[in-house]
Amino acid sequence: MTILLTGAGGQVGSALVPLLAPLGTLVALDRSALDLADEQALQAALRQHRPHLVINAAAYTAVDQAETDTATAFAVNARAPAVLAEVCHRQGAALIHYSTDYVFSGSKPTPYLETDPTGPLGVYGRSKQAGEQALLESAAPSLIFRTSWVFSRHGHNFLNTMLRLGKERPQLGVVDDQWGAPTWAGSLAQATVAIVQQALAGASSGLSLLEFFQTHRGLYHMTNQGATTWFGFAQAIFQHCAHCQARLLPIPTRDYPTPVQRPANSRLDNQRLALVFGVRLESWPQALLHCMEAHPALP
Ligand SMILES: NC(=O)c1ccc[n+]([C@@H]2O[C@H](COP(=O)([O-])OP(=O)(O)OC[C@H]3O[C@@H](n4cnc5c(N)ncnc54)[C@H](OP(=O)(O)O)[C@@H]3O)[C@@H](O)[C@H]2O)c1
């Protein structure tokens, strides 16, 4: 099996590389090898490698920057998935794509279901929502995994920011009225690969890889279990960082203004993932522990 992975240099992409490599021939392309905003390059890469499975871990994830860089955000998050879906359908390939809690407004008081109406608050959320829609309207055998608050020791994310500021600042105000599930890129990679392995095992029981994806196509929420606020997440991070001395202060969202409003409730209900695939990610504190064990915070 040939697997083509986009965004191989990102948090989720780089966690996927070592887990996908044993499954077949892995073509792992980071942004320098494949720019998703370049439609011709995207088409050419799919023609050249003729993958059986495409995993799209690339995305324009700069939430505030997307407000002024709308065309690029839509090219990468909406147009590129549409092209991937069209070519995968034509070439007979399966497709895995990731999306975000930011497709929701956050006004629902309980965890969001896959069937809940979307209502993004900014350009990033709208571009990701358009990407989802393109896949759902296409005939491509595709799975979309919506996740939230992704962290790893690699790249720009809340975990690495807290580990840095915790050493630099005497005190830190952190938002305590937005709720969500911090989700480790390693957990997302493990869950994704578990589902790919089910698809491959299906081949031995008469269901081909494509039939497996066709049977189960659609949207799934995929986050670590449990929920907290950014303040709660920061407190947990500091428990893994002996050198983080900053005093943490809980603050309301209005005291930390950003160009784009964030959903107050980012919680995603993971029942569908458990029911269909029997996959349940570990709790976010366990995932944080595993992440920090793999890459401890150095002085
Ligand atoms: N990060 C989060 O908190 C979060 C939350 C919910 C959902 N998600 C979703 O989860 C998925 C994985 O995100 P992540 O957390 O791994 O984000 P990430 O660390 O920002 O990785 C995204 C990768 O995409 C690459 N990329 C950006 N523009 C590109 C382009 N034009 N062509 C090719 N590659 C490009 C980036 O390259 P550069 O590093 O060179 O820019 C980066 O390596 C995405 O679909 C994202 O929307 C993320």
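Everything quoted here is computed from the prediction, not taken from an experiment. Whatever order the structure lists them in is the order used to number ligands and atoms, beginning at 1.
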Step by step, would you call Ser266 with Trp149 a side chain to side chain contact (heavy atoms under 4.5 Å, CB included)? CA-CA 9 Å; Ser266 271; Trp149 297 19; 3.7 Å; yes
Under 3.5 Å between some N or O of ligand 1 and some N or O of Gln11? yes
Counting from 1, what ligand 1 atoms have a heavy atom of Lys128 closer than 4.0 Å? 44 (C), 45 (O), 46 (C), 47 (O)
For atom 27 (C) of ligand 1, closest protein heavy-atom neighbour: Ala59 O, 3.2 Å
Can you check whether Trp284 and Trp184 have ring centres sitting under 6.0 Å from each other? no
Give the residue and atom name of whichever protein heavy atom lies nearest to atom 6 (C) of ligand 1, and the separation in Å to one decimal. Thr147 O, 3.3 Å
d(Asp101 CG, Arg262 CZ) to nearest 0.5 Å is 10.5 Å
Distance below 4.0 Å between atom 39 (O) of ligand 1 and any protein heavy atom? no
For ligand 1, find out whether one of its N or O atoms is nearer than 3.5 Å to an N or O atom of Tyr60. no
Which of these, Thr61, Thr223, Leu36, Thr183, has its nearest heavy atom closest to atom 17 (O) of ligand 1? Thr61
Nearest non-hydrogen contact with atom 43 (O) of ligand 1 belongs to which option: Pro81, Ala57, Ala58, Gly10? Gly10
Taking atom types as modelled, find out whether Asn56 and His97 have a side-chain donor-acceptor pair closer than 3.5 angstrom. yes
Per-atom contacts of ligand 1 with Trp149, taking only distances under 4.0 Å to non-hydrogen atoms: 3 (O), 5 (C)
Does an N or O anywhere in Thr100 fall below 3.5 Å from an N or O of ligand 1? no
Among Tyr124, Phe145, Tyr102, closest by heavy atom to atom 47 (O) of ligand 1 is Tyr124
Of the listed options (Ser99, Ser152, Pro182, Ala80), which comes nearest to atom 7 (C) of ligand 1 when hydrogens are ignored and any heavy atom counts? Ser99
